[in-house]
S.K.: 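Here it is, the structure in full.
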Amino acid sequence: STQSRSSAASDVYKRQAPGGWSQVAVKFTGKSGQVIASDILPIEEISGVSFLQGDFTEQSVYDDLILMTNGNKVDTVLSDMAPNMSGQLSVDQPKSMYLAELALDMAVKTLSKNGNFIVKVFQGDGFDVYVKNARNIFKKVAVIKPKASRPRSKEVYLLASQLK
């Protein structure tokens, strides 16, 4: 049934979050790379991950993440942020877009010239403008709906590469 599949996907997500994407990133970077992660919730220590707990919308957390790069450009910025959903689209969508905008700003400030940006975005007000803006900043931009996402969900990922 659809409900059991959604439930199973949700259970997998709960086991991996927070820190699930960091586990994936460490596998890609290997021993030669560095993963810097932040979450509003604590995570269990992950070998190879420098972690900062805090609210990314707070300037101090944003600034601390920038400092953690030691002034080096990074290859990839990945954001899986989402606001606590209230169920009211008029409230949730602007909060979601604000988080996506902050992530894009971080990407522009920290990515290497041909860097990559992956961000969770919810389709709705502001989405088309956001994608257009990303196309002005990156050479390649694609919008992908993950298989694990419920069909009715407006959740998608924007994959951008080659920062201009």
Side-chain angles (χ1 to χ4, degrees), residues 13 16-85 92-124 126-149 153-164:
Y13 181 75
Q16 292 182 338
W21 281 110
S22 296
Q23 293 170 9
V24 172
V26 165
K27 288 180 183 177
F28 278 96
T29 60
K31 292 180 181 178
S32 64
Q34 179 185 16
V35 175
I36 300 171
S38 177
D39 201 302
I40 200 164
L41 300 172
I43 67 170
E44 290 184 27
E45 187 174 328
I46 302 169
S47 179
V49 176
S50 301
F51 178 71
L52 174 67
Q53 183 178 349
D55 183 344
F56 189 72
T57 64
E58 293 178 8
Q59 188 66 45
S60 62
V61 172
Y62 183 93
D63 292 344
D64 286 347
L65 283 170
I66 297 283
L67 287 173
M68 290 174 78
T69 68
N70 294 319
N72 296 318
K73 293 295 184 180
V74 301
D75 295 323
T76 302
V77 170
L78 185 151
S79 171
D80 192 43
M81 292 186 292
N84 288 330
M85 298 295 192
D92 295 338
Q93 185 63 22
K95 286 181 179 180
S96 170
M97 292 310 302
Y98 177 63
L99 292 173
E101 289 289 346
L102 287 177
L104 180 59
D105 183 65
M106 170 70 76
V108 169
K109 286 183 178 172
T110 62
L111 281 174
S112 60
K113 182 180 178 196
N114 288 312
N116 304 297
F117 177 52
I118 304 162
V119 60
K120 180 192 297 187
V121 186
F122 293 88
Q123 295 171 315
F127 175 78
D128 291 337
V129 171
Y130 187 83
V131 172
K132 183 178 179 182
N133 189 26
R135 290 186 196 284
N136 290 330
I137 297 169
F138 294 90
K139 292 179 185 174
K140 296 181 182 179
V141 175
V143 176
I144 306 295
K145 176 124 177 111
K147 290 179 184 178
S149 181
S153 172
K154 300 290 185 181
E155 175 189 76
V156 295
Y157 283 86
L158 181 134
L159 311 175
S161 60
Q162 300 177 5
L163 180 69
K164 292 179 182 178

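Since the model is a prediction, treat every value here as computed from it, not as a measurement.
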S.K.: Give the ring-plane orientation class for Phe117 versus Phe138, where under 30° counts as parallel, over 60° as perpendicular and anything between as tilted.
M.R.: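 Parallel: the ring planes of Phe117 and Phe138 meet at under 30°.
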S.K.: Any side-chain heavy-atom pair from Thr57 and Leu102 closer than 4.5 angstrom?
M.R.: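 Yes - at least one pair of side-chain heavy atoms lies under 4.5 Å apart.
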S.K.: Take a 6.0 Å sphere around NZ of Lys140 and say whether it holds more than 12 heavy atoms from other residues, nucleotides or ligands.
M.R.: no
S.K.: Of the non-hydrogen atoms in Ser38 and Val61, which two are nearest, and what is the gap between them?
M.R.: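 Scanning both residues completely, I find the closest heavy atoms to be OG-CG1, 3.9 Å.
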S.K.: Per the side-chain hydrogen bond (donor to acceptor under 3.5 Å, both in side chains) rule, what does the pair list look like for residues 65-79, sequence neighbours excluded?
M.R.: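 The answer is none; no pair qualifies.
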S.K.: Within the 4.5 Å heavy-atom criterion, are Val121 and Met97 side-chain neighbours or not?
M.R.: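 Yes, at least one pair of side-chain atoms sits under 4.5 Å.
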S.K.: According to the salt bridge (Lys or Arg N to Asp or Glu O under 4.0 Å) rule, which pairs have a member within residues 127-136, sequence neighbours left out?
M.R.: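 Passing the test, one end in residues 127-136: no pairs.
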S.K.: Restricting to non-hydrogen atoms, name the atom on Ile46 and the atom on Gln23 that form the minimum distance, rounded to 0.1 Å.
M.R.: CD1-CG, 3.9 Å
S.K.: Supply the atom-to-atom distance Ile66 CD1 to Gln59 CD, rounded to the nearest 0.5 angstrom.
M.R.: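 It is 9.0 Å, given to the nearest 0.5 Å.
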S.K.: Taking all non-hydrogen atoms of both residues, which atom of Ser50 and which atom of Met68 are closest, and how far apart?
M.R.: CB-CE, 3.6 Å
S.K.: Donor-acceptor check, side chain of Thr110 to backbone of Met106, threshold 3.5 angstrom: yes or no?
M.R.: yes
S.K.: So which heavy atom on Asn136 is nearest to which on Lys164, and how close?
M.R.: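 It is O-CD, 3.5 Å.
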S.K.: First locate atom OG of Ser112, then atom CD of Gln162, and finally report the distance between them rounded to the nearest 0.5 Å.
M.R.: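 Reported value, rounded in 0.5 Å steps: 10.5 Å.
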S.K.: Measure across Lys120 and Met81 and return the closest heavy-atom pair with its distance rounded to 0.1 Å.
M.R.: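 Shortest heavy-atom contact: CD-O, 4.0 Å.
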S.K.: State, to 0.1 Å, how close Phe51 and Asp39 come at their nearest heavy-atom pair, and which atoms those are.
M.R.: CE1-N, 3.5 Å
S.K.: Trp21 and side-chain contact (heavy atoms from CB on, under 4.5 Å): which single residue from Ile118, Asp80, Val35 fits?
M.R.: Asp80
S.K.: Does anything in residues 102-117 form a salt bridge (Lys or Arg N to Asp or Glu O under 4.0 Å)? List the pairs, not counting sequence neighbours.
M.R.: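 Passing the test, one end in residues 102-117: Asp105-Lys109.
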